[in-house]
Amino acid sequence: MDKLTRRGFLMGCSAAIAGLAGARFNYAAFGDPAEEPNQNILLTVFLRGGCDALNVITPLDGPDRAHYELARSDLRLPTSHLLPLDGAGQFGLHQAAAPLHELYQDGKLGIVLAAGMHEDTRSHFDAMTYMELGTPGYKGQASGWLTRLLRSTDLSAEAITPSVALGRLQPTSQLAHYETISMTNPGQLNLNTGPWGWREEQQKTLRQIFSLDEGSSLHRASLNALNTVTTLTEQSLGDYTPAPGVAYPSGAFGDQLQVVAQLIKNQLGLKVATVDLGGWDTHENQVQWNSATSGYFTDLLQRLSQGLAALYADLDAAGSHYTRRLTVVVMTEFGRRLKENAQRGTDHGHGSFMMVLGGEVKGGLHGQWPGLHTDQLYDRADLAVTTDYRQVLSELMMRRLGNNKLGLVFPRYGGYTPLDIVEGVDLVPNYDDGLEKAFLPLITR
């Protein structure tokens with residue numbers, strides 16, 4: 001019989017488990033948390049809807065300030081409302097992002113200007129699909145970029161939760177990674193029957209069923225899996241108190257970031273996590289009628305900033321070193337047009353920004369600013385892209401996760417050079433094109 005891991009067991013027997021008197025079982029990857037302290041963790045936060053970069057990082061002075069004000073009579077942010085980002089006074093951060101500005105000043109937040117995807121599309125679906133597959137312009141890839149990253153990274157076979165998607169749906173970046181746990185609350189990881197919670201009897205039944213093939217790899221894997229369900233239950237996941245003084249924003253986003261903090265602190269082998277924050281498709285009423293500094297966009301940006309700042313403070317409390325292991329990358333599918341529309345909003349654009357947060361981040365502004373003169377704009381309308389989003393993700397792969405297989409994770413991407421946005425060792429990039437081989441491990445493993 002072929003070697004069967006606990007992960008394989010979970011994929012193969014989940015249907016049988018679900019058929020036992022209405023049992024509820026969320027599939028997961030299991031393992032030994034002993035190696036957890038040596039692991040670095042990547043959290044991707046996707047701002048779905050296309051975030052208006054120009055009202056997050058805004059020109060403060062010079063010709064670009066004049067172009068910005070001319071294009072945005074209703075949406076333009078006054079300079080008094082912007083928090084300076086560089087000594088030259090060229091850019092400011094929206095005041096709603098003040099919690100992130102503090103991390104920026106501490107050198108823990110890096111901002112990549114004019115980042116995005118060179119592919120020409122203003123379709124949300126196409127742009128998100130391209131970015132999350134890691135293959136701009138090509139939708140035929142059968143797995144997400146994070147799936148290929150995990151498959152090509154040296155992970156402990158005993159990691160309990162190497163990959164987690166916080167939310168109701170598993171994002172395309174984790175497409176075909178059947179070991180990813182999709183959840184909104186870790187307390188959902190249980191094995192229950194009926195209203196009486198016959199967990200003990202249910203596990204006894206399962207153990208008896210799998211003991212019929214005692215000594216086989218299926219028997220060993222099934223027992224390991226059931227033992228780990230017990231471990232997760234005993235850890236009381238879902239019942240979490242942040243570090244003293246830390247307050248996450250109310251709502252799903254804040255709740256999901258708390259889950260990330262809890263999983264990290266419980267040392268369950270987390271390697272990759274994804275969190276979404278939607279609502280950035282601001283075609284109308286982006287700001288209040290009489291104030292560009294308040295309204296829907298401001299509230300959303302404040303929620304993002306408070307959540308990320310709370311996560312960092314929670315993991316950095318009491319001299320802990322969790323923040324040295326965690327790297328957070330914030331991205332969006334595209335930016336918005338420079339010129340506002342007639343509904344006090346902005347339409348689909350091109351270039352945007354990325355943010356990288358963590359204890360090993362080299363804070364400051366990164367990338368090249370293209371300018372806002374009409375001749376400098378993409379299609380004479382949008383902020384141009386000067387930094388391919390894959391360049392940022394590749395540096396995080398190489399320096400923080402120790403994975404140099406760029407050709408496998410980002411097929412058809414080459415010419416990588418680091419932006420020097422995080423600490424780490426510069427590996428020699430491996431551009432072996434894994435377009436056909438990328439999905440093979442999912443079939444043969």
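All residue numbers refer to positions in the sequence shown, counting from 1. Note that this is a predicted model, so its numbers are computed, not measured.
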Handout entry: Plane angle bin for Phe410 and Tyr389 - parallel if under 30°, tilted between 30 and 60°, otherwise perpendicular
Key = perpendicular
Exercise for the section: Report the distance from atom CD of Gln306 to atom CG of Leu311, rounding to the nearest 0.5 Å. Expected result: 13.5 Å
Exercise for the section: Identify whether the distance between the nearest side-chain nitrogen and carboxylate oxygen of Asp432 and Lys405 falls below 4.0 Å. Expected result: no
Handout entry: Whether Thr153 side chain and Leu155 backbone form a donor-acceptor pair below 3.5 Å
Key = no
Handout entry: Ion pair check, Asp106 and Lys108, cut-off under 4.0 Å
Key = no
Handout entry: Asp255 (side chain) donor-acceptor with Ser250 (main chain) under 3.5 angstrom
Key = no
Handout entry: NZ-CD1 distance between Lys362 and Ile421, expressed to the nearest 0.5 angstrom
Key = 10.5 Å
Handout entry: Charged N-O contact under 4.0 Å between Glu132 and Lys139
Key = no
Practice task
Quickly, which of Lys339, Arg337, Gln286 forms a side-chain hydrogen bond (donor to acceptor under 3.5 Å, both in side chains) with Thr346? Name it, please.
Solution key: Gln286
Exercise for the section: Would you check, one step at a time, whether the test side-chain contact (heavy atoms from CB on, under 4.5 Å) holds for Leu43 with Val45? Expected result: CA-CA 7 Å; Leu43 167 63; Val45 177; 4.1 Å; yes
Exercise for the section: Using distance alone, with no hydrogens and no angle criterion, decide if Tyr240 and Asp314 have a side-chain donor and acceptor under 3.5 Å apart. Expected result: yes
Handout entry: Polar side chain donor-acceptor pair, Arg325 to Asn40, under 3.5 angstrom
Key = no
Problem - Any donor-acceptor N or O pair under 3.5 Å, side chains His350, His118 - result: no
Practice task
Tell me yes or no: between the side chains of Asp74 and Trp289, is some donor less than 3.5 Å from an acceptor?
Solution key: no
Problem - Ion pair check, Asp281 and Arg336, cut-off under 4.0 Å - result: yes
Practice task
In sequence, state the C-alpha distance, the side-chain angles, and the governing distance for His283 and Asp347, and then conclude on side-chain hydrogen bond (donor to acceptor under 3.5 Å, both in side chains).
Solution key: CA-CA 5 Å; His283 287 284; Asp347 297 323; 2.9 Å; yes
Handout entry: Over-ring placement of Arg412 relative to Tyr138, 6.0 Å and 45° cut-offs
Key = yes
Handout entry: Interatomic spacing from OG1 in Thr327 to CD in Glu360 - rounded to 0.5 Å
Key = 8.0 Å
Problem - Rounded distance [0.5 Å steps], CE in Met397 versus CG in Leu146 - result: 10.0 Å
Handout entry: Donor-acceptor side-chain pairing of Thr147 and Gln174 below 3.5 angstrom
Key = no
Exercise for the section: Would you tell me whether His124 and Glu333 have side-chain atoms, one donor and one acceptor, within less than 3.5 Å of each other? Expected result: yes
Practice task
Check the side chains of Gln95 and Thr293 for a donor-acceptor pair under 3.5 angstrom, ignoring hydrogens and angles.
Solution key: no
Practice task
Identify whether the distance between the nearest side-chain nitrogen and carboxylate oxygen of Glu340 and Arg72 falls below 4.0 Å.
Solution key: no
Problem - Side-chain donor or acceptor of Ser305 paired with backbone N/O of Pro99 under 3.5 Å - result: no
Fill in the blank from the handout: To the nearest 0.5 Å, atom CG of Leu427 lies from atom CG of Leu406 at 9.0 Å
Problem - Test item: Arg48 side-chain N/O and Leu277 main-chain N/O as donor-acceptor pair under 3.5 Å - result: no
Exercise for the section: Please answer whether the main-chain N or O of Gly279 pairs with a side-chain N or O of Tyr296 as donor and acceptor at a distance below 3.5 Å. Expected result: yes
Problem - Asn404 and Asn430 side chains, donor-acceptor separation under 3.5 Å - result: no
Problem - Side-chain (His101) to main-chain (Gly92) donor-acceptor, under 3.5 angstrom - result: no
Practice task
Could you tell me which residues satisfy ring-ring contact (aromatic ring centres under 6.0 Å, His included) with His67, sequence neighbours excluded, listed by chain and number?
Solution key: His373
Practice task
Would you tell me whether Tyr413 and Asp388 have side-chain atoms, one donor and one acceptor, within less than 3.5 Å of each other?
Solution key: no
Practice task
Applying salt bridge (Lys or Arg N to Asp or Glu O under 4.0 Å), run through Asp420 and Arg399 and close with a yes or a no.
Solution key: CA-CA 9 Å; Asp420 201 30; Arg399 290 190 173 186; 2.7 Å; yes
Handout entry: Polar side chain donor-acceptor pair, Asp120 to Tyr378, under 3.5 angstrom
Key = yes
Exercise for the section: Would you sort out whether Gln141 and Thr135 count as a side-chain hydrogen bond (donor to acceptor under 3.5 Å, both in side chains), showing the intermediate values? Expected result: CA-CA 7 Å; Gln141 182 59 275; Thr135 53; 5.6 Å; no
Exercise for the section: Answer yes if the side chains of Asp52 and Thr282 hold a donor-acceptor pair under 3.5 Å, and no otherwise. Expected result: no
Practice task
Check whether any side-chain heavy atom of Ile111 sits under 4.5 Å from a side-chain heavy atom of Ile57, and report yes or no.
Solution key: yes
Exercise for the section: Answer yes or no on whether Arg65 is positioned over the face of Tyr68, meaning its NZ or CZ is under 6.0 Å from the six-membered ring centre and within 45° of the axis. Expected result: no
Problem - Approximate separation, where rounding is to 0.5 Å, of Ile41 CD1 and Leu401 CG - result: 10.0 Å
